Amino acid sequence: MTTDATPRPQDEAIERTPSTELVVAKVWELPVRVVHWTIFVSVVVLSFIGFYIGTPFLSTGSDPGFLMGGMRAVHNLAAFTFIAAILARIIWAFTGNKWSHWDQFVPFAKDRRANAKDAFRYYVFLSDDPPHEAGHNALAGATYFVLFTMFLVQVLTGLALLSLESEGFLASTTGWVFSIAPIPWVRFLHHLIMWLTWGFVIHHVYSAWLVDSDAKAGLMSSIFTGWKRLPPEDL
Amino acid sequence: MPVVDAPTDSILHALASHGVTRRRFLEFCAATTALLALPQSYAPRIARALEDKKKPTVVWLEFQDCAGNTESFLRAVSPSVGDIVLDVLAVEYHETIMAAAGFQAEAAKDAAVAAGGHIVVVEGSVPTGANGVYCTIGGKSAVQILEEVTAGAAAVITVGTCSSYGGLPAASPNPTGAVGVPELVSGVPVINLPGCPMNVDNMVATIVHFLTFGALPAVDGEGRPLFAYGERIHDHCERRAHFDAGQFAQEWGDEGHRKGWCLYKMGCKGPSTFHNCPSIRWNGGTSWPIGAGHGCVGCSEPAFWDTMTPIYGRLPAPPGFGVTTSVEQIGAGIVGLTAAGFAAHGLIKAGQRKRAHKQDEAPIEIESATADDEEGAGQ
Ligand code: HEM
Ligand code: SF4
């Protein structure tokens, strides 16, 4: 299959590299990359500050500063950045290119199921051929679904905790969280998801590096530049 | 003693005969108006309502309790707001403080209930297990008594966390099947005044509201009056400035503790607890737990014994790991195991690559045979 035979909307973004069989494709559009790095930076900030809020390891001693107050203000600022990034990504899942489409995160379609099987065999050492997919392989996509579900719970528990100090809109929209879990358990969950997120980060970076070093499609650099170098049939 | 020409069963007469001056009475009305978070223009209305009204009949029931709310009710510093409420209520039945006993006491209760329109105050949780045998008075179970006494009542006030939500008797594993009163009463308005014990000033204000407006005050999602439970302890705590500054007591009796710094790291549950303790305080406004140097234990929240513990730790212990384990330890463990797991995965992959590399250098037939095998295995 060649790209000429089946024209697709992404074709303008594909350049042929004449010397090899490979094509260079703009897989990750700018919004996807911006969202990715916004989420990364805000999770780093939220986690560091969240850990401080949970276990204030710094102390202003006798100096009357505003350390905890400032930390909490930055946590709120980062939290709303984080929420904005997630909302932007959700919108992009319906308006972006096919690799950022929502169906990349749920391995339901036939070819995605087959891709999930290939990826699984690769990860459990049954095959040394990395899954062929320009975007997320089906298993990776599924882990992002889990991650976004965790983020959603984190946003909900965070907003509910925020509502404790404010009556009104937040309290009336997120108060129901406390009928599912008492306040201390909501805090507990908020902590647990932070740690699970870092567990995910380890898995995510390792797997990206692993697949990149086998597939050599420029996966690692693609999240900075957007471009991947691929055999045309992977597109 | 001031002379009043009020009927002998009126509140005003009761106050006067106890030597409460009109000035003191109006002060009380103004203070209660403030406590109820009403504009001060309501104070005269409250005063008029109290002057005109007959003393409300109160039946005070005690079930699985420690009588701590009775203590709170009685130990008001004279001549305080709590003192006045004692005078304006016709407490027809109260096991701990009534003079009558046995059949006489039961008769007094029956008479009050038969007249109807009374206020029922309940202290202690109600055991429902084993047909209610865990708490019986005069041969009747607490469930039966509650049903009989609340029939025809004007309102039910649950005092203390046990009667509001089950409290300590209902804490896991709840051997007696204890529940809070609201779960058993229907058809009569119920308001919760949780706390261990409840604060008598809030009880007075609730009753005054009821007498003045003919209705119980507005409540939150847990059935507690908003005027008393609408704000978080943490947001009105006198140590809050130390919290914001990042100044925390690290140990009991350390420098920070002696200087009155925030008790957050000592497990204070003020950030999760709604009650007006910081503003009305206890024992005539003398002090309150956090003021006295101990963190809040969250006693006015539902199921606090199960969810707010450990008392000296910030967060609940992860289930199944023992009470000394923290969520940070579990979380760091998860991250560590993940890292170790993927490191092992990386090593195995490296070994697999080495083998594949060797095969690449082998004669071409072997490679295609391997590929065929793999396709077969994949089908
Ligand atoms: C996205 C929306 C988020 C919101 C609205 C939010 C909000 C909050 C709020 C209000 C608190 C409580 C502060 C307090 O108790 O005074 C909090 C604490 C915390 N946050 Fe977040 N947060 C969010 C995301 C995150 C993320 C992504 C992480 C980490 C990955 C995180 C980690 C923490 C931690 C560890 C605490 C300490 C909780 C405690 O001990 O009570 N938060 N957050
Ligand atoms: S002592 Fe408790 S309630 Fe007071 S500021 Fe500190 S954490 Fe909040």
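Since we're looking at a predicted model, the values are computed, not measured. Basis for what follows: all heavy atoms, side chains included, without hydrogens, waters or symmetry-related copies. All chains are named by letter (A, B, ...) in the order of the sequence lines, taking the proteins before the strands, and each is independently numbered beginning at 1.
Between A:Phe188 and B:Pro318, the closest side-chain pair of non-hydrogen atoms falls below 4.5 Å. Side-chain contact between B:Glu222 and A:Phe178 is absent, with no heavy-atom pair separated by less than 4.5 Å. Using a 4.5 Å cut-off on side-chain heavy atoms (C-beta onward), B:His345 and A:Leu210 make contact. When side chains are defined from C-beta on, A:Trp195 does not count as touching B:Ile334, because their heavy atoms never get closer than 4.5 Å. Within the 4.5 Å cutoff, the side chain of A:Trp185 has no heavy atoms near those of the B:Leu315 side chain.
Although no hydrogens or angles enter the test, the distance criterion places no donor-acceptor pair under 3.5 Å between the side chain of B:Tyr264 and the main chain of A:Thr55. Under a 3.5 Å cut-off, the side chain of B:Lys349 and the backbone N or O of A:Tyr123 do not form any donor-acceptor pair. At least one donor-acceptor pair closer than 3.5 Å links the side chain of B:Lys265 to the backbone N or O of A:Pro56.
Looking only at atom types and distance, the side chain of B:Ser272 has a donor-acceptor partner in the side chain of A:Arg187 under 3.5 Å away.
More than 12 heavy atoms of other residues, nucleotides or ligands sit less than 6.0 Å from atom CZ of A:Phe148.
Contact record, A:Ile202 with B:Phe342: CG2-CD1, 4.3 Å, taken as the closest heavy-atom pair.
A salt bridge is absent between B:Arg355 and A:Asp128; no separation between the charged side-chain nitrogens and carboxylate oxygens falls under 4.0 Å.
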